[in-house]
Undergrad: 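So that we are looking at the same thing, I have put the structure below in structure tokens.
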Amino acid sequence: MPKNKGKGGKNRRRGKNENEKEKRELVFKEDGQEYAQVTKMLGNGRLEAMCFDGNKRLCHIRGKLRKKVWINTGDIILLGLRDYQDTKADVILKFTPDEARNLKAYGELPESTKINENQWEPDPDDHITFDDFDGDDDEIDDI
């Protein structure tokens, strides 16, 4: 049996979510930055985002945010644009829904922005219907 020589187990390594409660100062975009909304999560620390300047960009989640801040489809994020690649950007910050509403109130985000809901809805073709299902459970009971 191995002896525990560390300072704790898995939960200690994962860390506590202590900074969630405190409010942080609202961050506005600067030169070389742009607001965007996540359209698709691609995996491997990457995502596709629609920037509010009208461009769709492939974004890379920086290491500081990667396992600490969870980003989902529809979230409002702040991107750092690249000088040498216009189609790629880096995620600098994720805004909470309250912060995104404040940005919208300040006029930083367009009025058409949907906050805290999925802007890109799934296709209606994704629903599966079974043709031969009549609703009877008698066959299951017989088995």
Side-chain angles (χ1 to χ4, degrees), residues 1-137 139-141:
M1 276 254 147
K3 299 203 176 182
N4 293 334
K5 296 182 180 178
K7 295 179 182 167
K10 178 179 168 185
N11 290 335
R12 183 187 182 284
R13 283 195 298 270
R14 190 173 6 178
K16 303 288 185 283
N17 211 354
E18 296 169 356
N19 61 354
E20 187 178 314
K21 306 271 187 289
E22 63 190 49
K23 286 207 169 218
R24 64 176 183 217
E25 190 175 325
L26 192 60
V27 178
F28 294 104
K29 72 174 182 177
E30 298 173 2
D31 286 348
Q33 295 179 349
E34 186 61 49
Y35 300 115
Q37 190 165 23
V38 179
T39 58
K40 187 191 288 185
M41 296 301 295
L42 300 174
N44 200 19
R46 294 178 304 151
L47 56 92
E48 190 176 85
M50 187 67 186
C51 297
F52 292 120
D53 62 358
N55 295 334
K56 189 176 275 194
R57 291 188 170 96
L58 178 70
C59 306
H60 179 262
I61 302 172
R62 57 185 268 185
K64 187 176 180 183
L65 302 177
R66 200 163 181 169
K67 290 195 175 178
K68 295 174 181 62
V69 179
W70 293 103
I71 298 175
N72 296 313
T73 305
D75 287 344
I76 306 295
I77 54 177
L78 180 66
L79 299 180
L81 304 178
R82 297 181 180 178
D83 297 333
Y84 51 93
Q85 290 175 312
D86 193 40
T87 59
K88 293 187 180 179
D90 301 297
V91 179
I92 297 174
L93 183 73
K94 175 194 166 189
F95 292 107
T96 63
D98 290 335
E99 290 172 333
R101 276 187 277 276
N102 288 343
L103 285 173
K104 194 172 179 181
Y106 287 132
E108 293 285 320
L109 300 180
E111 289 296 321
S112 61
T113 306
K114 295 181 181 176
I115 297 172
N116 207 9
E117 58 187 80
N118 199 352
Q119 188 175 8
W120 293 270
E121 297 176 5
D123 295 333
D125 300 335
D126 289 346
H127 300 292
I128 300 171
T129 57
F130 297 98
D131 294 334
D132 59 344
F133 183 70
D134 58 356
D136 293 337
D137 292 337
E139 295 175 16
I140 296 173
D141 293 338

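Note that these values count all heavy atoms, side chains included, but never hydrogens, waters or copies made by symmetry.
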Undergrad: Using side-chain contact (heavy atoms from CB on, under 4.5 Å) as the criterion, list what pairs up with Q85, not counting sequence neighbours.
TA: R82, K88

Undergrad: Could you please spell out the steps behind the side chain to side chain contact (heavy atoms under 4.5 Å, CB included) verdict for L103 and L26?
TA: CA-CA 8 Å; L103 285 173; L26 192 60; 4.1 Å; yes

Undergrad: If I take atom CG from residue L47 and atom NE2 from residue H60, how far apart are they, to the nearest 0.5 angstrom?
TA: 10.0 Å

Undergrad: Between atom NZ of K94 and atom CH2 of W70, what is the distance when rounded to the nearest 0.5 Å?
TA: 11.0 Å

Undergrad: Hey, mind stepping through R24 and L93 against side chain to side chain contact (heavy atoms under 4.5 Å, CB included) and telling me if it holds?
TA: CA-CA 12 Å; R24 64 176 183 217; L93 183 73; 3.9 Å; yes

Undergrad: Taking only residues two or more places apart in sequence, or in another chain, which ones meet L65 in a side-chain contact (heavy atoms from CB on, under 4.5 Å)?
TA: I61, R62, V69, V91

Undergrad: Return yes if some donor-acceptor pair links the side-chain N/O of E99 with the main-chain N/O of I76 below 3.5 Å, else return no.
TA: no

Undergrad: Nearest 0.5 Å, what's the CD-OG1 distance between Q37 and T73?
TA: 9.5 Å

Undergrad: Which pair of non-hydrogen atoms, one from T39 and one from A49, has the smallest distance, and what is that distance?
TA: OG1-N, 3.9 Å

Undergrad: Could you pull out all residues at least two apart from E48 that satisfy salt bridge (charged side-chain N to carboxylate O under 4.0 Å, His left out)?
TA: K56

Undergrad: Report the C-alpha separation of F95 and I77 in whole Å, then their side-chain angles, then the decisive distance to 0.1 Å, and conclude whether the side chain to side chain contact (heavy atoms under 4.5 Å, CB included) test is met.
TA: CA-CA 6 Å; F95 292 107; I77 54 177; 5.7 Å; no

Undergrad: Which atom pair, heavy atoms only, marks the closest approach of C51 to R57?
TA: SG-NH1, 3.0 Å

Undergrad: To the nearest 0.5 Å, how far apart are NZ in K104 and OG in S112?
TA: 7.5 Å

Undergrad: Which atom pair, heavy atoms only, marks the closest approach of T113 to F52?
TA: OG1-CE2, 3.6 Å

Undergrad: Enter the distance from L79:CG to D90:CG here, rounded to the nearest 0.5 Å.
TA: 8.5 Å

Undergrad: Any chance you could measure I92, atom CD1, to K64, atom NZ, to the nearest 0.5 Å?
TA: 11.0 Å

Undergrad: Check whether any side-chain N or O of N44 sits under 3.5 Å from a backbone N or O of R46 as a donor-acceptor pair, and report yes or no.
TA: no

